[in-house]
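Here is how names work: the chains are called A, B, and so on, in the same order as the sequence lines, proteins then strands, and each is numbered from 1.
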Amino acid sequence: MGLLALGTALDWPDAKKQAHLVRAWGIKQLLEIWNKAKGKERDALLWGDEVEYLVVTYSDDDPKVLLSLRQADILTALANDTALSGKGGCVPELQDAPNSRTNAPLPVFHPEFGRFMLEATPGKPWGIDFKELLNVEPDMKLRRCIAKDHMLPNEYPITLTTFPRIGSPGVFTDPYYPVSGSRLRSQFVPDEIANPHIRFPTLAANIRSRRGQKVQVNVPVFRDENTPWPWKDPTVNYDLHQWPEDDDVRSGAAPDNFIHMDAMAFGMGSCCLQITFQAKNITEGRQMYDQLSPLGPILLALTAATPIYKGFLADTDVRWNQISKAVDDRTREELGEEPLRNSRWRIPKSRYASNSTYISTDPRLRPEYLDPDLVIDEAIKQELLDGGMDDRLATHFAHLFIRDPIVVFDEDLHELDLNKTDHFENIQSTNWQHMRFKPPPADNSIGWRVEFRPMEIQVTDFENAAFAVFMVLITRVVLSFDLNFYIPIQRVDENMETAHARDAVLDKKFWFRRNLFPVRPPRSAHNSGSTTPNGGLSRPATPAGPVEDEYRLMTVNEIINGTAYARGGEADGGADDGGEEDFPGLIPLVESYLDSVNVDVVTRCELATYLDLIRKRASGELWTAAKWIRHLVANHPEYQRDSVVSEEINKDLVGAVIKIGEREQKGKGFQGLEGEVPELRMLLGAFRRCL
Amino acid sequence: MTKLILSTGNIVSGGPSIIRKPGVYRSNLELTNSLRSSFLAAQQDYAADAYSGTGSDSDNAAGTNGNGFHHSASAWIAHEDGVLYVPRIDWSLAGLQEEPAQYDITVKLFFLATAPVSKRAHYANEALDLVLKELRVPSVDLLVASFPGMSFDGDCEWEADKLNATQGDDEEEAATWPAIEELHRQGLVKRLGIAEFGSEKLARFLKRVQIRPAVNQINIKNCCNVPPPLVKLAKEQGIDLLVHSDCTDILSRGTLRELLGQGPRGAGVLADSESGSDGLQGDLAPQWVVKYTAVVRDRGVIENKGYFAGAGLAEV
């Protein structure tokens, strides 16, 4: 989560007055860093992962599982324990790791929006030495172990995306606070659910205030045999008259057949797995941003882990749209519900949404892939162009800068400091798109980076490491083979919606590019063109057929494993290039990459294990966490087939997740846990049964 | 005897030929597919050039070479100093994007059963020279020597290790190695390696060499259990066990004839008496194959990968 500067945070009416200034200064800071860093070259691949946890209280004799709001105490305990060791079992665990990094910097813990959340990152970024990739999983386990060691005995860090009963009537936090506070004005969650640092309650309050109403997070409810239909969210209180916003539900904010939620915490309280890569230069960064963009929805569907909201089974499997709605600060005018009077434009998407444009200088980026209706601030674009930035990148930032800053600190407005990037970051880091293109920091000490943000957090560190490592390998494959994943950006949006469906990973099809491979440049083009071999970046314009012919609908299985695998066949021998509809698959591409580099036997086997997990999730041989959770609920003796996830079911679900986590921490494998955790084999297969 | 040098150019961004087919673990498909696409691409490019009149005047195009090779179809083939380059190589396109120190360059040299052992020193020089010229580097980081008749095959690696002990030819391998060591002494290669040596063969081999291999490539299929004797020996000797997926007998006589012949998937370079097609005549024998890979060290990006193959055409 962005900057945590201290100061006097302005309430919305005052912040709004300063929005123009913040944008103006932000653009100046952007141009400053862009000028400083646009020529940066040859930065190494460094990358980092971020794992987010929910902190829950759980004990066998307590019927309730609660969200612990002791984030600040836990972070203080972690900060005060500079050695981060000597307690509990973390140290031996670290030494047992196959490639333990002696003297490696210890993990770093960060606050998050939810006061029941923690975020942990590795102590230093990872490189691309293949052996180092094997350190990711032990490091994730170490983070969890250290976190647990600084909690109370009945507190646990778990990696579920959302707490199944957050916002349910009654008690779901420890300690308990009443709902309907002045900041969130939520009838489901207390103000104290958010991190008390002034940034976070201000963020929530100003989003609500700018919007002119509470956020509306409505998720379709899953209709089971005994679910009343039409379904009216029974937890909505229509008789609350504490705040003007309490009228929202009386004027239709909570439609039938939707689980209704009304606060930022329902979205920003979700945990995800984010990966950030450093590019060798700005050109490669822009290329990676574009090429990873179409992969976002695929990885979202593949990591689906969010089937429950506020104590009800939802009809969606992922968190994305709920977060999007939970931070949607658009006014009614911007939403298109009222004619434009005070707002500057209609805005089709929330600040938290899929990418809206491509930014690469790649000649393969056809104009048809871009959104002709992209909303941008023309004046800002002009300023960036005047500052020397190219049209495409200027368009990207002029799009991000259509937003207002939400949290503005009075102290930062005294003078413009071009040695900082605070105003730029203010806008940039509150544009939560599924990719983020990150310029170097003001001191230019690190390179251009790209963040991949759509993945849902997984229950185990094994799975989280697998997805993190997979994405790193994918970036190497894209750059090595010069792959082209471009499809029109609106199709990526569509895919993002598709990814929400229940079991989208198996049941839905996604737009994906048919042919990923570059066109071979003819020799004569070489002779007449530039003299330096440049990895194929300046290929001649190829005769372009209709854009619609470049992509088709594919299943996640076909995209990840290839059409041959998806058909269940072995090698389809014979033809080299296969039929027109043959698609190689991302995992075979990764394997081909690994075949071409020097990897030792042990490392290759471990990497193969990660690829196997992903292969099986994509093919349906294993279940996503979402499907596994649904199964746990459906087969719970307490479940009434009415979509309700009761306290008891919640406790057993969280209990199962804790058991899996404890077993993983012990490093002895999941063998024998099947009796205690239903259908564990469908979630994790035979992986990590014994170590 | 005419020498043929076959080349693929950079295949890393060359499309599907580099992509492993599901279920195929050890094969020469990458080599044969990329040679085929290289021939096809060159034929197209130089045909276009001939029409537009921009390229390939007859200055060094394959003239009459005594083998009856018909030069009108040969714009894409070069005949230089008694060597036929199939396709012709434009050395002006050679080189890497950054300075050599940025790369980890691995070269794998496949000695073939179809060529005499006595010539292997010559082949090694010839192959490495081409790679150094193609990448425009003074040296490479790793040279792996692959000997014919070896495999690391079996249901699981245990069995593979046992089988392996009887494969290959210890005498020939030991006799070849000094030529490889010489490349290291000359500073052309930083580390040496071998492929497909099981524990017994490796132990025997180590007794007979001056410069020990730093790398042994083995082929692992589905099971990841490397035989413990091999793990132990490699650890004791400081030898890295790396994974590969090549087969040792990577280019056979038949495959080469098919690649260059008049068949539907051939390049039409060889004469065919049945169809009456013009072309090279004689007994064609593959001599060696070399694979090279240049990876940007701290970015893990493969920038250049390709093959050369050497063959001899004996007049009959």
Side-chain angles (χ1 to χ4, degrees), chain A residues 42-46 127-130 280 472-473 475-476 479-483 515 517-520 522-524 526-528 531-536 561-562 564-565 569-573 576-578 584-585 588-589 591-606 608-609, chain B residues 10 12-24 29-30 33 36-37 41-42 44-46 48-49 52 54-55 90 92-98 102 104 106 142 215 217-218 220 222-226 231 240-246 293 295-305:
Chain A
R42 290 180 199 166
D43 281 317
L45 168 68
L46 295 176
I128 186 59
D129 182 336
F130 295 106
K280 76 168 175 180
V472 173
L473 292 174
T475 63
R476 299 307 97 187
L479 295 174
S480 294
F481 300 157
D482 199 17
L483 299 182
N515 180 11
F517 296 106
V519 177
R520 182 189 59 84
R523 284 167 179 78
S524 49
H526 269 308
N527 288 333
S528 57
T531 50
T532 47
N534 55 5
N561 293 320
Y565 186 95
E570 284 294 292
D572 49 328
D576 301 332
D577 306 328
L589 284 165
E591 285 172 336
S592 304
Y593 166 82
L594 290 173
D595 283 347
S596 295
V597 291
N598 293 325
V599 188
D600 71 90
V601 174
V602 175
T603 305
R604 180 65 186 266
C605 288
E606 287 295 321
T609 306
Chain B
N10 188 358
V12 75
S13 55
S17 57
I18 199 170
I19 303 312
R20 182 209 273 200
K21 293 280 183 287
V24 176
L29 278 177
E30 183 179 274
N33 286 340
R36 213 170 265 133
S37 5
Q44 288 168 353
D45 289 349
Y46 288 105
D49 279 0
S52 62
T54 55
D90 182 351
S92 73
L93 303 178
L96 296 166
Q97 292 181 48
E98 290 165 24
Q102 300 268 338
D104 193 12
T106 299
L142 173 65
V215 162
Q217 286 189 332
I218 60 171
I220 48 167
N222 292 325
C223 60
C224 281
N225 306 318
V226 183
V231 173
D240 289 338
L241 293 177
L242 302 186
V243 181
H244 78 119
S245 55
D246 310 304
T293 315
V295 178
V296 186
R297 208 182 290 278
D298 60 2
R299 293 205 295 273
V301 174
I302 309 167
E303 185 183 304
N304 202 325
K305 174 178 177 177

Quiz item: At what distance, to the nearest 0.5 angstrom, does CG of B:Asp298 lie from NZ of A:Lys280?
Solution: 11.0 Å
Quiz prompt | With sequence neighbours excluded, residues passing side-chain hydrogen bond (donor to acceptor under 3.5 Å, both in side chains) with A:Asp600 | solution = A:Thr603
Practice problem: Only counting residues at least two apart or in another chain, list the ones meeting side-chain hydrogen bond (donor to acceptor under 3.5 Å, both in side chains) with B:Glu98. | Solution: B:Arg299
Self-check item: B:Ile302 CD1 to A:Arg476 CZ distance, which is reported to the nearest 0.5 Å
Solution: 11.0 Å
Quiz item: Non-hydrogen atoms of chain B under 4.5 Å away: do they reach the side chain of A:Asn515, the backbone, both or neither?
Solution: neither
Practice problem: Go through the atoms of B:Val12 and report whether side chain, backbone, both or neither lie under 4.5 Å from a heavy atom of chain A. | Solution: both
Exercise. Select one option (side chain, backbone, both, neither) describing which atoms of A:Leu45 are under 4.5 Å from chain B's heavy atoms.
Key: both
Quiz prompt | Pairs of heavy atoms under 4.5 Å with chain A: top-ranked of B:Val295, B:Val231, B:Thr106 | solution = B:Thr106
Quiz item: Measuring heavy-atom distances to chain B, does A:Val599 have an atom under 4.5 Å in its side chain, in its backbone, in both, or in neither?
Solution: backbone
Self-check item: Among A:Val602, A:Leu479, A:Asn598, residue most engaged with chain B (heavy-atom pairs, under 4.5 Å)
Solution: A:Asn598
Quiz prompt | Distance-minimising heavy-atom pair for B:Gly300 and A:Ile128 | solution = N-CG2, 3.6 Å
Quiz prompt | Value rounded to 0.5 Å, distance of OH in A:Tyr593 from NZ in B:Lys305 | solution = 11.5 Å
